[in-house]
Colleague: 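Dropping the structure in here first, questions after.
Note that these values count all heavy atoms, side chains included, but never hydrogens, waters or copies made by symmetry. Note that this is a predicted model, so its numbers are computed, not measured.
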Amino acid sequence: MSADERIKLEAGWKEALREEFDKPYMHELRAFLLNERQAGKTVFPPGPLIFNALNSTPLGQVKVVIIGQDPYHGPGQAHGLCFSVQPGVPVPPSLQNIYKELKRDLNIDPPTHGCLQHWAEQGVLLLNTSLTVEQACAGSHAKAGWQFFTDRVIEVVSSHQPRLVFLLWGAHAQSKERLIDPTKHLILRSPHPSPLSAHRGFIGNGHFGRTNKFLAQYGLQPIDWRLPAQP
């Protein structure tokens, strides 16, 4: 059985990314993750959720791409969607600021939870550039090889879909702009929603309303940014 056959991945993404799973960097990444676990380290998110962003938002249904950095590194938080946490986990500060901008921009009241699965299921690809992290060690897997894989994900979705909105919040996400075709897609940039930078322009960026205006302009169903009371 080849490497890509062992991985449970949505059919459209699996076909588009098939060659990546046999590249040398991916073999090295697998070995790295195995060694981390054998050394007794805890890796987040759990294995079945590593590709949750791709499995929750099929390639052919992507409308919006939000690019995060690496998964949350606290127990029970990460579930494979950037900025999102599993139900029952307190809403992290960056997501609280995202909710503040939603309220300011579209008058949407924040939910009591931080699970963004509802967005993913409407076509919002919530992609971290690194898909794993060691517990309590932010950025620990940033150079392990995921950067090559997620660069390819961005290239694939940029070329595959006719009209997308890319929300690039912060310098790290904006460094991926080189992978996006600006002649096809709307690229919106602002500071990161982190408490360290949100006041410098994330609050007030109007990205949620501008996203829906662009989608409607091209006959696409806007995103319902309201999250259900219960995830």
Side-chain angles (χ1 to χ4, degrees), residues 44 53 57 62-74 77-85 89-111 113-116 118-120 122-131 133 137-143 146-147 150-151 153-155 157-158 163-182 184-215 222-227:
F44 296 131
T57 311
V62 179
K63 298 177 183 177
V64 181
V65 181
I66 299 178
I67 301 174
Q69 198 156 347
D70 60 347
Y72 294 118
H73 52 81
Q77 289 183 302
H79 66 129
L81 306 179
C82 71
F83 295 107
S84 180
V85 290
V89 174
V91 179
S94 290
L95 185 52
Q96 290 180 27
N97 285 328
I98 291 170
Y99 288 168
K100 285 178 186 175
E101 176 54 20
L102 260 179
K103 176 66 175 175
R104 191 211 61 81
D105 188 12
L106 300 177
N107 198 30
I108 292 175
D109 291 327
H113 63 83
C115 181
L116 305 181
H118 179 64
W119 292 359
Q122 294 181 75
V124 182
L125 180 64
L126 296 165
L127 181 72
N128 279 314
T129 55
S130 182
L131 299 191
V133 70
C137 195
S140 50
H141 294 184
K143 301 292 178 64
W146 283 125
Q147 68 272 25
T150 53
D151 277 3
V153 169
I154 296 167
E155 289 174 339
V157 74
S158 174
R163 299 287 178 195
L164 294 172
V165 183
F166 285 84
L167 304 182
L168 306 183
W169 299 335
H172 183 82
Q174 289 161 20
S175 73
K176 305 299 183 185
E177 187 172 342
R178 60 189 167 80
L179 306 165
I180 303 165
D181 183 349
K184 295 166 58 177
H185 309 304
L186 176 63
I187 302 171
L188 299 177
R189 309 165 197 82
S190 86
H192 193 276
S194 158
L196 297 174
S197 55
H199 63 284
R200 297 193 206 121
F202 177 82
I203 303 297
N205 67 22
H207 282 185
F208 299 103
R210 292 170 69 186
T211 293
N212 279 354
K213 185 176 180 180
F214 178 87
L215 295 175
I223 304 299
D224 177 9
W225 295 107
R226 296 177 192 276
L227 291 162

Colleague: Please enumerate all residues that pass ring-ring contact (aromatic ring centres under 6.0 Å, His included) together with His141, with sequence neighbours excluded.
Modeller: Phe32
Colleague: Considering only heavy atoms from C-beta outward, does the side chain of Leu126 approach that of Thr57 to under 4.5 Å?
Modeller: no
Colleague: Sorted by first residue and then second, give each salt bridge (Lys or Arg N to Asp or Glu O under 4.0 Å) pair with at least one member in residues 197-213; sequence neighbours left out.
Modeller: none
Colleague: Apply ring-ring contact (aromatic ring centres under 6.0 Å, His included) to His73 and list each qualifying residue two or more places apart in sequence or on a separate chain.
Modeller: none
Colleague: Check whether any side-chain heavy atom of Leu81 sits under 4.5 Å from a side-chain heavy atom of Trp119, and report yes or no.
Modeller: no
Colleague: Quick one: list whatever passes side chain to side chain donor-acceptor pair (under 3.5 Å) with Ser190, sequence neighbours left out.
Modeller: Asn205
Colleague: Looking at Asp105 and Gly209, would you say the former's side chain and the latter's main chain have a donor-acceptor pair under 3.5 Å?
Modeller: yes
Colleague: Side chain of Glu155, backbone of Ile180: donor and acceptor closer than 3.5 Å?
Modeller: no
Colleague: Mind checking ring-ring contact (aromatic ring centres under 6.0 Å, His included) for Tyr99 and listing every partner two or more places apart, or none if nothing turns up?
Modeller: none
Colleague: Out of Leu188, Ile98, Ile67, which one pairs with Trp169 under the side chain to side chain contact (heavy atoms under 4.5 Å, CB included) rule?
Modeller: Ile98
Colleague: Does Pro191 offer a backbone N or O that forms a donor-acceptor pair with the side chain of Ser197 under 3.5 Å?
Modeller: no
Colleague: When you compare the side chain of Gln77 with that of Phe44, does any pair of heavy atoms fall below 4.5 Å?
Modeller: no
Colleague: Measure from the side-chain N and O atoms of Asp224 to the backbone N and O of Arg226, and report whether any donor-acceptor pair falls under 3.5 Å.
Modeller: yes
Colleague: May I ask you to test the Val165-Lys63 pair for a side-chain heavy-atom distance under 4.5 Å?
Modeller: no
Colleague: State which residues pass ring-ring contact (aromatic ring centres under 6.0 Å, His included) with His185; sequence neighbours excluded, sorted by chain then number.
Modeller: Phe166
